[in-house]
Amino acid sequence: MASSTTHAPVLKQPVKLACVQLAAGPDKTANLLHAADKVREAASAGAKIVVLPECFNSPYGCDHFPSYAETLLPSPPSRDQSPSFHALSAMARDNGVYLIGGSIPELATTTTTGPGESEVKKTYYNTSLTFSPTGELLTTHRKVHLFDIDIPGKFRFRESDVLSPGNKLTMVDLPEYGRVGIAICYDVRFPELAMIAARKGCFALIYPGAFNMTTGPLHWQLLARARAVDNQVYVALCSPARDMSAGYHAWGHSLVVDPMAQVLVEAEEKEAVVVAELDGNKIEEARKGIPLRDQRRFDVYPDVSQGKVNFEEP
Ligand SMILES: O=C(O)CCC(=O)C(=O)O
(Lines give C-alpha, C1' and ligand atoms only; values in the text may rest on other atoms or scores of the structure.)
Protein backbone atom coordinates (compact mmCIF):
# COMPACT_ATOMS: atom_id res chain seq x y z
CA MET A 1 0.00 0.00 0.00
CA ALA A 2 2.46 2.65 -1.16
CA SER A 3 1.21 6.19 -0.66
CA SER A 4 3.99 8.16 -2.33
CA THR A 5 3.75 6.76 -5.86
CA THR A 6 4.15 9.42 -8.55
CA HIS A 7 1.77 9.27 -11.48
CA ALA A 8 2.08 10.93 -14.89
CA PRO A 9 -0.68 13.50 -15.57
CA VAL A 10 -3.49 11.93 -17.58
CA LEU A 11 -4.63 15.21 -19.19
CA LYS A 12 -1.73 17.12 -20.75
CA GLN A 13 -3.43 20.50 -21.10
CA PRO A 14 -6.86 22.01 -20.37
CA VAL A 15 -9.45 21.34 -23.05
CA LYS A 16 -13.03 22.40 -23.61
CA LEU A 17 -15.52 19.61 -24.22
CA ALA A 18 -19.01 20.23 -25.62
CA CYS A 19 -22.08 17.99 -25.51
CA VAL A 20 -24.47 18.81 -28.34
CA GLN A 21 -27.98 17.95 -27.15
CA LEU A 22 -29.44 17.67 -30.62
CA ALA A 23 -33.07 17.85 -31.72
CA ALA A 24 -33.35 15.12 -34.37
CA GLY A 25 -36.37 14.05 -36.40
CA PRO A 26 -37.13 11.38 -38.98
CA ASP A 27 -35.29 13.07 -41.90
CA LYS A 28 -31.70 11.76 -41.82
CA THR A 29 -30.31 14.33 -44.25
CA ALA A 30 -31.85 17.17 -42.24
CA ASN A 31 -30.44 15.65 -39.03
CA LEU A 32 -26.94 15.52 -40.50
CA LEU A 33 -27.12 19.12 -41.71
CA HIS A 34 -28.45 20.26 -38.35
CA ALA A 35 -25.74 18.34 -36.50
CA ALA A 36 -23.14 20.13 -38.66
CA ASP A 37 -24.56 23.53 -37.61
CA LYS A 38 -24.46 22.55 -33.95
CA VAL A 39 -20.92 21.15 -34.11
CA ARG A 40 -19.89 24.49 -35.66
CA GLU A 41 -21.60 26.29 -32.76
CA ALA A 42 -19.76 24.10 -30.24
CA ALA A 43 -16.42 24.74 -31.95
CA SER A 44 -17.10 28.51 -31.99
CA ALA A 45 -17.55 28.28 -28.22
CA GLY A 46 -13.97 26.96 -28.05
CA ALA A 47 -14.67 23.22 -27.75
CA LYS A 48 -11.93 20.95 -29.09
CA ILE A 49 -13.75 17.75 -28.17
CA VAL A 50 -17.37 17.63 -29.33
CA VAL A 51 -19.85 14.89 -28.46
CA LEU A 52 -23.11 14.06 -30.26
CA PRO A 53 -25.97 11.98 -28.81
CA GLU A 54 -26.87 8.31 -29.22
CA CYS A 55 -28.75 7.73 -32.51
CA PHE A 56 -28.25 11.37 -33.50
CA ASN A 57 -29.27 10.87 -37.14
CA SER A 58 -32.61 9.12 -36.55
CA PRO A 59 -35.42 8.66 -34.07
CA TYR A 60 -34.46 6.16 -31.34
CA GLY A 61 -36.25 2.82 -31.29
CA CYS A 62 -36.05 -0.80 -32.43
CA ASP A 63 -38.48 -0.10 -35.30
CA HIS A 64 -36.08 2.48 -36.70
CA PHE A 65 -32.71 0.72 -36.46
CA PRO A 66 -32.88 -1.34 -39.69
CA SER A 67 -34.20 1.45 -41.91
CA TYR A 68 -31.59 3.98 -40.73
CA ALA A 69 -28.67 1.52 -40.55
CA GLU A 70 -25.50 2.22 -42.55
CA THR A 71 -22.70 -0.10 -43.61
CA LEU A 72 -19.32 0.95 -42.30
CA LEU A 73 -17.10 -1.77 -43.76
CA PRO A 74 -14.88 -1.80 -45.68
CA SER A 75 -13.51 1.34 -44.06
CA PRO A 76 -13.80 4.03 -45.26
CA PRO A 77 -17.27 3.21 -46.61
CA SER A 78 -18.60 4.87 -49.76
CA ARG A 79 -20.94 7.87 -49.42
CA ASP A 80 -23.85 5.67 -50.42
CA GLN A 81 -23.00 3.10 -47.78
CA SER A 82 -22.64 5.65 -45.00
CA PRO A 83 -23.61 9.29 -45.47
CA SER A 84 -23.23 9.73 -41.70
CA PHE A 85 -19.58 8.59 -41.76
CA HIS A 86 -18.77 11.24 -44.37
CA ALA A 87 -20.84 13.95 -42.69
CA LEU A 88 -19.12 13.31 -39.34
CA SER A 89 -15.68 13.28 -40.92
CA ALA A 90 -16.42 16.65 -42.57
CA MET A 91 -17.79 18.13 -39.31
CA ALA A 92 -14.59 17.14 -37.49
CA ARG A 93 -12.31 18.42 -40.26
CA ASP A 94 -14.18 21.65 -41.00
CA ASN A 95 -14.08 22.64 -37.34
CA GLY A 96 -10.71 21.14 -36.37
CA VAL A 97 -12.23 19.17 -33.47
CA TYR A 98 -12.18 15.64 -32.11
CA LEU A 99 -15.71 14.45 -32.76
CA ILE A 100 -17.29 11.63 -30.75
CA GLY A 101 -20.05 11.11 -33.29
CA GLY A 102 -22.82 9.95 -30.98
CA SER A 103 -24.03 6.69 -32.40
CA ILE A 104 -25.76 5.38 -35.50
CA PRO A 105 -27.38 2.06 -36.29
CA GLU A 106 -24.82 -0.03 -38.18
CA LEU A 107 -25.54 -2.90 -40.57
CA ALA A 108 -22.85 -5.55 -41.00
CA THR A 109 -23.42 -8.24 -43.57
CA THR A 110 -21.70 -11.59 -43.84
CA THR A 111 -22.12 -13.96 -46.74
CA THR A 112 -21.87 -17.67 -46.22
CA THR A 113 -21.66 -19.93 -49.23
CA GLY A 114 -23.09 -23.39 -49.00
CA PRO A 115 -23.42 -26.00 -51.72
CA GLY A 116 -25.01 -24.21 -54.68
CA GLU A 117 -26.29 -21.22 -52.73
CA SER A 118 -25.08 -18.30 -50.67
CA GLU A 119 -26.79 -16.71 -47.72
CA VAL A 120 -26.44 -13.10 -46.56
CA LYS A 121 -26.69 -12.62 -42.81
CA LYS A 122 -27.54 -9.14 -41.52
CA THR A 123 -26.35 -8.00 -38.10
CA TYR A 124 -27.22 -4.63 -36.60
CA TYR A 125 -25.19 -2.73 -34.01
CA ASN A 126 -25.47 0.57 -32.16
CA THR A 127 -22.14 2.11 -33.13
CA SER A 128 -20.19 5.24 -32.25
CA LEU A 129 -17.59 6.70 -34.62
CA THR A 130 -14.83 9.02 -33.42
CA PHE A 131 -13.00 11.33 -35.84
CA SER A 132 -9.78 13.34 -35.57
CA PRO A 133 -9.53 17.09 -36.32
CA THR A 134 -8.33 16.14 -39.81
CA GLY A 135 -11.41 14.04 -40.40
CA GLU A 136 -9.86 10.59 -40.00
CA LEU A 137 -11.76 7.81 -38.28
CA LEU A 138 -9.92 7.08 -35.03
CA THR A 139 -12.07 4.37 -33.53
CA THR A 140 -15.50 2.76 -33.42
CA HIS A 141 -17.41 1.48 -30.41
CA ARG A 142 -20.29 -0.97 -30.75
CA LYS A 143 -22.57 -0.77 -27.70
CA VAL A 144 -21.48 -3.63 -25.48
CA HIS A 145 -24.47 -3.84 -23.13
CA LEU A 146 -27.77 -3.82 -24.96
CA PHE A 147 -30.63 -1.89 -23.40
CA ASP A 148 -33.06 -4.62 -22.36
CA ILE A 149 -35.16 -3.59 -19.39
CA ASP A 150 -38.70 -4.22 -18.18
CA ILE A 151 -40.03 -2.14 -15.29
CA PRO A 152 -43.60 -3.38 -14.99
CA GLY A 153 -46.22 -0.74 -15.72
CA LYS A 154 -43.57 1.85 -16.46
CA PHE A 155 -41.06 1.11 -19.12
CA ARG A 156 -39.97 -1.75 -21.36
CA PHE A 157 -37.30 -1.78 -24.05
CA ARG A 158 -35.50 -4.63 -25.81
CA GLU A 159 -32.68 -3.53 -28.06
CA SER A 160 -31.64 -7.17 -28.39
CA ASP A 161 -34.79 -7.83 -30.46
CA VAL A 162 -32.91 -6.13 -33.31
CA LEU A 163 -29.34 -5.35 -32.28
CA SER A 164 -26.30 -7.45 -31.48
CA PRO A 165 -23.75 -6.39 -28.87
CA GLY A 166 -20.22 -5.24 -29.50
CA ASN A 167 -17.51 -7.09 -27.65
CA LYS A 168 -14.70 -4.68 -26.88
CA LEU A 169 -13.89 -1.83 -24.57
CA THR A 170 -13.00 1.34 -26.49
CA MET A 171 -10.34 3.92 -25.71
CA VAL A 172 -8.70 6.44 -27.99
CA ASP A 173 -5.60 8.61 -27.67
CA LEU A 174 -5.98 12.30 -28.51
CA PRO A 175 -2.30 13.23 -28.87
CA GLU A 176 -2.50 16.81 -27.54
CA TYR A 177 -4.63 15.86 -24.54
CA GLY A 178 -4.55 12.22 -23.52
CA ARG A 179 -6.77 9.17 -23.59
CA VAL A 180 -10.56 9.00 -23.43
CA GLY A 181 -12.87 6.04 -22.98
CA ILE A 182 -15.98 5.80 -25.14
CA ALA A 183 -19.10 3.74 -24.53
CA ILE A 184 -22.82 4.12 -25.23
CA CYS A 185 -25.74 4.83 -22.89
CA TYR A 186 -26.65 1.58 -21.06
CA ASP A 187 -22.90 0.81 -20.96
CA VAL A 188 -22.67 3.51 -18.24
CA ARG A 189 -24.48 1.17 -15.83
CA PHE A 190 -21.53 -1.23 -15.87
CA PRO A 191 -18.77 0.16 -13.68
CA GLU A 192 -16.30 -2.44 -14.93
CA LEU A 193 -15.91 -0.72 -18.33
CA ALA A 194 -15.36 2.65 -16.68
CA MET A 195 -12.94 1.32 -14.09
CA ILE A 196 -10.79 -0.49 -16.62
CA ALA A 197 -10.69 2.55 -18.94
CA ALA A 198 -9.71 4.80 -16.02
CA ARG A 199 -6.98 2.41 -14.90
CA LYS A 200 -5.68 2.36 -18.47
CA GLY A 201 -5.13 6.12 -18.13
CA CYS A 202 -8.27 7.81 -19.51
CA PHE A 203 -8.90 11.37 -18.31
CA ALA A 204 -12.55 11.30 -19.41
CA LEU A 205 -15.28 8.74 -19.99
CA ILE A 206 -17.66 9.81 -22.73
CA TYR A 207 -21.11 8.30 -23.23
CA PRO A 208 -23.50 9.31 -26.00
CA GLY A 209 -26.83 8.24 -24.45
CA ALA A 210 -30.60 8.56 -24.54
CA PHE A 211 -32.16 7.80 -21.17
CA ASN A 212 -35.94 7.95 -20.84
CA MET A 213 -38.51 9.59 -18.61
CA THR A 214 -38.55 6.67 -16.13
CA THR A 215 -34.88 5.98 -15.51
CA GLY A 216 -33.56 9.41 -16.55
CA PRO A 217 -34.74 11.36 -13.49
CA LEU A 218 -33.56 8.58 -11.14
CA HIS A 219 -30.28 7.44 -12.59
CA TRP A 220 -28.79 9.64 -15.35
CA GLN A 221 -26.97 12.16 -13.19
CA LEU A 222 -26.36 9.61 -10.45
CA LEU A 223 -24.56 7.25 -12.84
CA ALA A 224 -22.44 10.05 -14.31
CA ARG A 225 -21.41 11.19 -10.85
CA ALA A 226 -20.82 7.61 -9.70
CA ARG A 227 -18.52 6.78 -12.60
CA ALA A 228 -16.67 10.08 -11.96
CA VAL A 229 -16.23 9.65 -8.20
CA ASP A 230 -15.24 5.99 -8.43
CA ASN A 231 -12.57 6.69 -10.98
CA GLN A 232 -11.65 10.33 -10.30
CA VAL A 233 -12.08 11.27 -13.94
CA TYR A 234 -14.32 13.56 -15.99
CA VAL A 235 -17.55 12.03 -17.27
CA ALA A 236 -19.70 13.39 -20.13
CA LEU A 237 -23.16 12.09 -21.06
CA CYS A 238 -24.75 13.46 -24.23
CA SER A 239 -28.49 12.98 -24.93
CA PRO A 240 -30.83 13.93 -27.76
CA ALA A 241 -33.23 16.76 -26.95
CA ARG A 242 -36.67 15.62 -25.79
CA ASP A 243 -39.30 15.37 -28.52
CA MET A 244 -42.76 14.66 -27.11
CA SER A 245 -44.06 13.94 -30.63
CA ALA A 246 -41.58 11.06 -31.06
CA GLY A 247 -42.16 7.46 -29.98
CA TYR A 248 -39.28 7.66 -27.47
CA HIS A 249 -39.08 10.55 -25.02
CA ALA A 250 -35.44 11.20 -24.21
CA TRP A 251 -34.57 12.58 -20.78
CA GLY A 252 -32.11 15.14 -22.16
CA HIS A 253 -29.97 16.72 -19.41
CA SER A 254 -26.64 16.27 -21.19
CA LEU A 255 -23.95 16.97 -18.66
CA VAL A 256 -20.29 17.05 -17.74
CA VAL A 257 -19.14 15.96 -14.28
CA ASP A 258 -15.71 16.64 -12.77
CA PRO A 259 -13.41 14.18 -10.96
CA MET A 260 -14.92 15.17 -7.57
CA ALA A 261 -18.37 14.32 -9.00
CA GLN A 262 -19.51 17.94 -9.25
CA VAL A 263 -21.82 18.67 -12.15
CA LEU A 264 -20.03 21.37 -14.18
CA VAL A 265 -22.76 21.93 -16.79
CA GLU A 266 -26.14 20.36 -17.41
CA ALA A 267 -28.72 21.04 -20.11
CA GLU A 268 -32.46 20.94 -19.55
CA GLU A 269 -34.61 18.88 -21.91
CA LYS A 270 -34.53 21.10 -24.99
CA GLU A 271 -31.84 21.50 -27.61
CA ALA A 272 -28.62 22.95 -26.18
CA VAL A 273 -24.86 22.97 -26.47
CA VAL A 274 -23.19 22.66 -23.06
CA VAL A 275 -19.47 23.31 -22.73
CA ALA A 276 -17.09 22.61 -19.85
CA GLU A 277 -13.37 23.06 -19.42
CA LEU A 278 -11.53 19.92 -18.37
CA ASP A 279 -8.35 20.52 -16.41
CA GLY A 280 -5.79 17.85 -15.54
CA ASN A 281 -4.98 19.62 -12.26
CA LYS A 282 -8.51 18.85 -11.07
CA ILE A 283 -7.88 15.16 -11.65
CA GLU A 284 -4.56 15.29 -9.81
CA GLU A 285 -6.10 17.30 -6.93
CA ALA A 286 -8.93 14.79 -6.55
CA ARG A 287 -6.48 11.91 -6.60
CA LYS A 288 -4.09 13.62 -4.16
CA GLY A 289 -6.82 14.59 -1.71
CA ILE A 290 -8.51 11.19 -1.77
CA PRO A 291 -5.68 8.85 -2.82
CA LEU A 292 -7.75 5.86 -3.92
CA ARG A 293 -5.15 4.83 -6.49
CA ASP A 294 -2.50 4.28 -3.86
CA GLN A 295 -4.84 2.79 -1.30
CA ARG A 296 -6.27 0.01 -3.43
CA ARG A 297 -5.89 -3.44 -1.90
CA PHE A 298 -5.12 -5.60 -4.88
CA ASP A 299 -3.91 -8.17 -2.35
CA VAL A 300 -7.55 -8.47 -1.27
CA TYR A 301 -9.17 -8.17 -4.72
CA PRO A 302 -7.08 -8.77 -7.85
CA ASP A 303 -6.81 -5.90 -10.33
CA VAL A 304 -9.11 -7.06 -13.10
CA SER A 305 -7.74 -4.36 -15.40
CA GLN A 306 -4.47 -6.33 -15.50
CA GLY A 307 -6.26 -9.47 -16.61
CA LYS A 308 -7.67 -10.41 -19.97
CA VAL A 309 -9.68 -7.49 -21.34
CA ASN A 310 -11.02 -7.15 -24.88
CA PHE A 311 -9.64 -3.89 -26.15
CA GLU A 312 -7.27 -2.70 -28.85
CA GLU A 313 -4.34 -0.70 -27.52
CA PRO A 314 -5.06 2.77 -28.97
O1 LIG B 1 -30.17 2.56 -18.66
C2 LIG B 1 -31.17 3.21 -18.90
O3 LIG B 1 -32.02 3.45 -18.04
C4 LIG B 1 -31.40 3.78 -20.27
C5 LIG B 1 -30.48 3.19 -21.28
C6 LIG B 1 -30.80 3.62 -22.67
O7 LIG B 1 -31.68 4.38 -22.91
C8 LIG B 1 -30.00 3.10 -23.77
O9 LIG B 1 -29.11 2.29 -23.57
O10 LIG B 1 -30.25 3.54 -24.90
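Position 1 is the first residue of the sequence, and the numbers go up from there. Side chains included, hydrogens not; waters and symmetry mates left out as well; all remaining heavy atoms used. Just so you know, ligand 1 is whichever comes first in the structure, and atom 1 is the first atom listed for that ligand.
Within the structure, ring pair (Phe, Tyr, Trp, His ring centres under 6.0 Å) pairs that include any residue of residues 193-213 comprise F211-W220 (at least two apart or interchain).
Side-chain N or O atoms of R287 include one that pairs as donor or acceptor with a backbone N or O of Q232 at under 3.5 Å. Here the side chain of E271 pairs no donor or acceptor atom with the backbone of A241 at under 3.5 angstrom.
Under 4.0 angstrom from ligand 1, there are no non-hydrogen atoms of F157. Only side-chain heavy atoms of E54 come within less than 4.0 Å of ligand 1; its backbone N, CA, C and O stay farther off. The side chain of Y248, and not its backbone, has at least one atom closer than 4.0 Å to an atom of ligand 1 (non-hydrogen atoms only; side chain from C-beta on).
Here the heavy atom of the protein found nearest to atom 7 (O) of ligand 1 is A210 O, 2.8 Å. Summary of contacts: the protein heavy atom closest to atom 3 (O) of ligand 1 is T215 OG1, 2.6 Å. Scanning all protein heavy atoms for the shortest distance to atom 6 (C) of ligand 1 gives C185 SG, 3.0 Å. The protein non-hydrogen atom at the shortest distance from atom 1 (O) of ligand 1 is R189 NE, 2.6 Å. The protein heavy-atom contact nearest to atom 10 (O) of ligand 1 is Y60 OH, 2.7 Å.
Between the side chains of Y98 and E176, a donor-acceptor pair is found at a separation under 3.5 Å.
Considering backbone and side-chain atoms alike, K143 places an N or O below 3.5 Å from some N or O of ligand 1. Polar contact check, I149 against ligand 1: no nitrogen or oxygen pair lies under 3.5 Å apart.
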Distance-only check: which donor-acceptor pairs under 3.5 Å involve side-chain atoms of residues 55-66, not counting sequence neighbours?
| unit_1 | atom_1 | unit_2 | atom_2 | d |
| --- | --- | --- | --- | --- |
| N57 | ND2 | S84 | OG | 2.7 |
| Y60 | OH | E159 | OE2 | 2.9 |

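Considering only heavy atoms from C-beta on, D187 comes within 4.5 Å of H141 through its side chain.
Going from atom NE2 of H253 over to atom CD of E268 covers 7.0 Å, rounded to the nearest 0.5 Å.
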